[in-house]
There are 2 protein chains.
Amino acid sequence: MADVFAALANPTRRELLRLLLERGEQPVQQLADHFDMRRPSLSEHLRVLKDAGLVTEQPIGRQRFYALRPEPLREVSDWLGPYERFWRARLADLREVLDGLPDE
Amino acid sequence: MADVFAALANPTRRELLRLLLERGEQPVQQLADHFDMRRPSLSEHLRVLKDAGLVTEQPIGRQRFYALRPEPLREVSDWLGPYERFWRARLADLREVLDGLPDE
DNA sequence: AGAATAGGTAGGAGATTTCCTACCAGTCAA
DNA sequence: TTGACTGGTAGGAAATCTCCTACCTATTCT
């Protein structure tokens with residue numbers, strides 16, 4: 001769980017997740033084409049994502065396909081839950097204030 | 001937005017947010033009491049949270065009250081949206097598979 | 001078998017993070 | 001005004017992160 005937040009802290013890794021979401025599973029080369037970065041660095045980012053459980057790796061021939069594994073993101077969503085209630089309450093307060101205003 | 005993910009990457013900062021959510025606004029000393037950490041380090045964490053827009057600071061006398069500002073978390077929630085659809089689809093797939101099994 | 005391809009590991013440089021001690025500035029109380 | 005209190009800044013050490021180049025392994029194609 002802690003690893004998930006740490007994994008999400010890096011923009012390249014968030015972009016990797018986005019690519020995997022949009023295009024489905026991809027070999028490393030195809031992912032790498034979209035970054036101005038050497039492959040070893042990409043490999044490192046993919047390893048971090050894998051350690052956080054955010055992607056899976058499946059070797060096929062000499063390629064390795066990476067796929068999104070969104071379950072840990074669900075934990076992030078659950079973590080957000082209590083805060084979500086808080087900001088909804090704030091919005092409700094705001095609405096109440098606005099409703100109370102004249103000329104509206 | 002990037003700052004928000006970076007701010008959430010640290011466990012101490014997530015704990016600070018949790019304390020502010022549970023107890024409402026608090027002066028630094030009261031927050032510091034719950035960490036085994038010197039105050040300058042806490043100050044630094046609070047600064048990061050403030051820069052990310054996750055807390056507000058209000059000086060009253062010689063104290064500074066920090067309060068949760070959950071709006072940036074809403075952006076995180078929005079960012080999660082597309083992935084949430086993905087994992088719900090996965091759950092639906094799983095349910096379908098389970099429904100298709102005999103002996104159930 | 002030999003060459004090409006996919007993608008990893010090793011190791012290191014530089015930047016950033018996270019903690020610390022020492023000290024400073026503002027506020028309040030005697 | 002002096003002393004105590006709150007909480008910040010300055011600066012630095014150690015750890016970690018993010019990138020790199022060089023090289024290795026496994027697979028496939030000829």
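FYI, side chains are in, hydrogens and waters are out, and symmetry mates aren't considered; it's all heavy atoms of this structure. In what follows, chains are A, B, ... by sequence order, proteins preceding strands, each numbered from 1.
- Regarding A:Phe5, its CZ atom lies at a distance of 21 Å from the P atom of D:dT16, rounded to whole Å.
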- Task: Sugar-phosphate atoms are those with a prime plus P, OP1 and OP2; base atoms are the rest. Using that split, label each nucleotide of nucleotides 19-30 of chain C B, S or - for protein heavy atoms under 4.0 Å, 5' to 3'.
- Result: BBBB---BBS--

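- Here the P atom of nucleotide D:dT18 and the CD atom of A:Glu15 are 15 Å apart, to the nearest Å.
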- Are B:Leu16 and B:His45 close enough, and set up right, to give a side-chain contact (heavy atoms from CB on, under 4.5 Å), and what steps lead you there? CA-CA 9 Å; B:Leu16 280 168; B:His45 284 306; 3.9 Å; yes

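- Scanning all heavy atoms of the two residues, the minimum distance from B:Pro70 to A:Phe86 falls at CG-CD2, 3.3 Å.
- Contacts between residues 19-30 of chain A and DNA chain C, counted as heavy-atom distances below 4.0 Å, involve A:Pro27, A:Val28, A:Gln29.
- For the pair B:Phe35 CZ and C:dT18 P, the interatomic distance rounds to 13 Å; values are reported in whole Å.
- Residue B:Ser43 places no side-chain N or O under 4.0 Å from the OP1 or OP2 atom of D:dG7.
- Judged by distance alone, the side chain of B:Tyr83 and the main-chain N or O of A:Leu21 form no donor-acceptor pair under 3.5 Å.
- Residue B:Lys50 contributes atom NZ, which lies 13 Å from atom C1' of D:dT9 at whole-angstrom precision.
- Sequence neighbours left out, the pairs with a member in residues 35-48 of chain B that pass salt bridge (charged side-chain N to carboxylate O under 4.0 Å, His left out) are B:Glu44-B:Arg47, B:Arg47-B:Asp51.
- Look at A:Arg47 and you won't find any side-chain N or O under 4.0 angstrom from OP1 or OP2 of C:dT9.
- Note that the CD atom of A:Gln26 and the CG atom of A:Asp33 stand 9.5 Å from one another [nearest 0.5 Å].
- For C:dG8, the OP1/OP2 oxygens have a side-chain nitrogen or oxygen of A:Tyr66 closer than 4.0 Å.
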- Query: Taking it one step at a time, do A:Arg74 and A:Glu71 satisfy salt bridge (Lys or Arg N to Asp or Glu O under 4.0 Å)?
  - Reply: CA-CA 5 Å; A:Arg74 177 175 199 152; A:Glu71 282 78 357; over 6 Å; no

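- A side-chain donor-acceptor contact under 3.5 Å links B:His34 and B:Arg23.
- Taking atom CG of A:Leu16 as the reference point, atom P of D:dC19 lies 11 Å away to the nearest angstrom.
- Per the geometry, CG belonging to A:Asp3 stands 13 Å off P belonging to D:dT16, to the nearest Å.
- Taking atom CG on B:Asp33 and atom C1' on D:dC5, their separation rounds to 14 Å, with Å as the unit.
- We find that CZ of A:Arg14 is positioned 15 Å from C1' of D:dC17, with the value rounded to whole Å.
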- Task: Go through the steps to decide whether A:Thr12 and A:Met37 satisfy the test side-chain contact (heavy atoms from CB on, under 4.5 Å), and finish with yes or no.
- Result: CA-CA 10 Å; A:Thr12 298; A:Met37 184 180 287; 3.7 Å; yes

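- Here the closest non-hydrogen pair linking B:Leu46 and B:Val55 is O-CG2, 4.0 Å.
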